[in-house]
Participant: 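Sharing a structure, written as structure tokens. Questions coming.
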Number of protein chains: 2
Amino acid sequence: MTNCPNGQLCIAGLGPGDPELLTLKALRALERADYIFAPCPSATRPSLAASIITAANPALEGKIIKLVFPMSANSSELALAWQEAEETIAGYLLQGHNCVFATEGDPLLYGTFSYISPRLAGRINELPFKYIPGISSPFAAASATGLPLTLGEDKLAILPATCGIEQIEQALGSFEAVALLKVSAIYPRIISLLKGKGLLEKCSLVCHASSPQQQIISGEEALKNICPPYFSILLIRSKKDE
Amino acid sequence: MTNCPNGQLCIAGLGPGDPELLTLKALRALERADYIFAPCPSATRPSLAASIITAANPALEGKIIKLVFPMSANSSELALAWQEAEETIAGYLLQGHNCVFATEGDPLLYGTFSYISPRLAGRINELPFKYIPGISSPFAAASATGLPLTLGEDKLAILPATCGIEQIEQALGSFEAVALLKVSAIYPRIISLLKGKGLLEKCSLVCHASSPQQQIISGEEALKNICPPYFSILLIRSKKDE
């Protein structure tokens, strides 16, 4: 085993869903890899990452190993799942296999791999991991609308609505552009806040950005009357001087 | 001429510099286009966008039309340049050519096309423009460091340092991650601010992210003693509980 060096691990962002939004670099890394790790919410549910990969190149299906990253707030359940993922990856790397861990969007913006990277790095200390950035959903949403996020000296805030209505209000007060993720949980409160600030006419809600189900909602009435799906981004131009 | 419909215009993000960070979608749009518009700072200076395109596919060189977008604060000089760019593009579209306007990074995050899109849309009102998102430099910089920008309920602020030291201080106070662009103009003041807040050890300066000249600087002494080039991104993790 001393003659078998560790395999390398590359963490690649796959983009928001449209397989054409893969970068050339990510696709080549996937094609060169011996194995590809794809996160999924449970053993029985499909992996969005795996579906992007196989849509880009169906021949890659046989290399994919699904890893469970539960959508859970239970810390011991999460710790167990992360430990299992970490052990699986370490096992393949220590056997000398070159692997890619594939993440939706960008690997370092709310990316699943970041939960296991510190401990995994401690076990596999021969080579640093390589990262390939990916298109993240706020940018896919902006492209869907065609409206500028920022120009000149504008500032952009990207935040999950789960951080609380006070944080959202603060961001709207000081940033010219705000991209809100995970809006579904407190959507009525967000709409009420935006209405109070006269910002509803400066919003676009983009559901399933870049996928065939993509939908863009704007206008006060339409925004009030939708129940947004989980994969929704609310883009708000809060610039005062427009 | 009534039988010759307008050509279509697609605005494609080329990513931060590495031609491998083009998306499959952007490359295909460039390859299918009759003409490609690439912004450059003056008629005699090279276009970074054009260099990314020809590095990805040298055969595309013959289609490229450079458009001057001056790096100037003079509003009449800018207005004249934008009008010229707008007229050039409109001319090609009205002749029925399908064109791509190529931008570095993402087209809607500080993208040059946004300065001319409203008036151009008014002239070419048959078809909406299509946008293709691109990897922007803060995400290329994060991938260079391998350090997470955001996890869980963290918030990310992206801002140009030219917006002023007070705005930077405010963002550092309320966001767990801050990506600062255009740091070279007021770099010593930024370093002084970060030192005062005990954040210098939580910073990485990434110069020329994704290019062969890429350089990552961290650690108080190294950060203090560099004079960063224009294409530099300062990533700061200001999270209190780490």
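The figures that follow rest on heavy atoms only: side chains count, while hydrogens, waters and symmetry mates do not. Chain letters run A, B, ... following the sequence lines, proteins first, then strands; residues in each count from 1. This one's a predicted model, so the numbers in the text were calculated from it and none came from an experiment.
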Participant: Where on A:Pro107 is there a heavy atom nearer than 4.5 Å to chain B: the side chain, the backbone, both, or neither?
Facilitator: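 The answer is the side chain of A:Pro107.
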Participant: Can you confirm whether B:Leu109 sits close enough to A:Leu156 that some side-chain heavy atom of one is under 4.5 Å from a side-chain heavy atom of the other?
Facilitator: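 SC-SC contact between B:Leu109 and A:Leu156 confirmed.
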Participant: Do you know which of B:Ala157, B:Pro19, B:Gly146 has the most heavy-atom pairs with chain A at a distance under 4.5 angstrom?
Facilitator: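 Max contact count across the listed options: B:Gly146.
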Participant: Measure the NZ-CD distance between A:Lys182 and B:Glu153 for me, rounded to the nearest 0.5 Å.
Facilitator: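 Output value for this atom pair is 7.5 Å.
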Participant: Are the ring centres of B:Tyr131 and A:Phe139 closer than 6.0 Å?
Facilitator: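 Not close enough - the centres of the two rings lie 6.0 Å or further apart.
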Participant: What are the two closest heavy atoms between A:Pro160 and B:Gly152, and how far apart are they?
Facilitator: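 Nearest heavy atoms, A:Pro160 then B:Gly152: CG-O, 3.9 Å.
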Participant: Under 3.5 Å, is there a donor-acceptor pair between the side chain of B:Thr23 and the main chain of A:Thr23?
Facilitator: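 Not confirmed, B:Thr23 side chain does not pair with A:Thr23 backbone.
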Participant: Below 4.5 Å, heavy-atom pairs only: which of B:Asp18, B:Leu159, B:Ile135 has the largest tally toward chain A?
Facilitator: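 Of B:Asp18, B:Leu159, B:Ile135, B:Ile135 has the most heavy-atom pairs under 4.5 Å with chain A.
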Participant: When you measure from the side chain of A:Tyr110 to the backbone N and O of B:Asp154, does any donor-acceptor pair fall under 3.5 Å?
Facilitator: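 Yes.
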Participant: Can you tell if the side chain of A:Leu108 reaches within under 4.5 Å of the side chain of B:Ser143, non-hydrogen atoms only?
Facilitator: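 The answer is yes; the side chains approach within 4.5 Å.
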Participant: Checking heavy atoms, do the side chain of A:Ser210, its backbone, both or neither come under 4.5 Å from chain B?
Facilitator: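 For A:Ser210, no heavy atom lies under 4.5 Å from chain B.
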Participant: Of the listed residues (B:Leu27, B:Leu149, B:Leu151), which shares the most heavy-atom pairs with chain A below a 4.5 Å separation?
Facilitator: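 Most pairs with chain A among the choices: B:Leu151.
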Participant: Atom CD of A:Gln167 and atom CZ of B:Phe175: how far apart are they, to the nearest 0.5 Å?
Facilitator: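 A:Gln167 CD to B:Phe175 CZ: 8.0 Å, rounded to 0.5 Å.
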Participant: Counting only heavy atoms not in B:Glu61, do more than 12 fall under 6.0 Å of its CD?
Facilitator: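 12 or below, so no.
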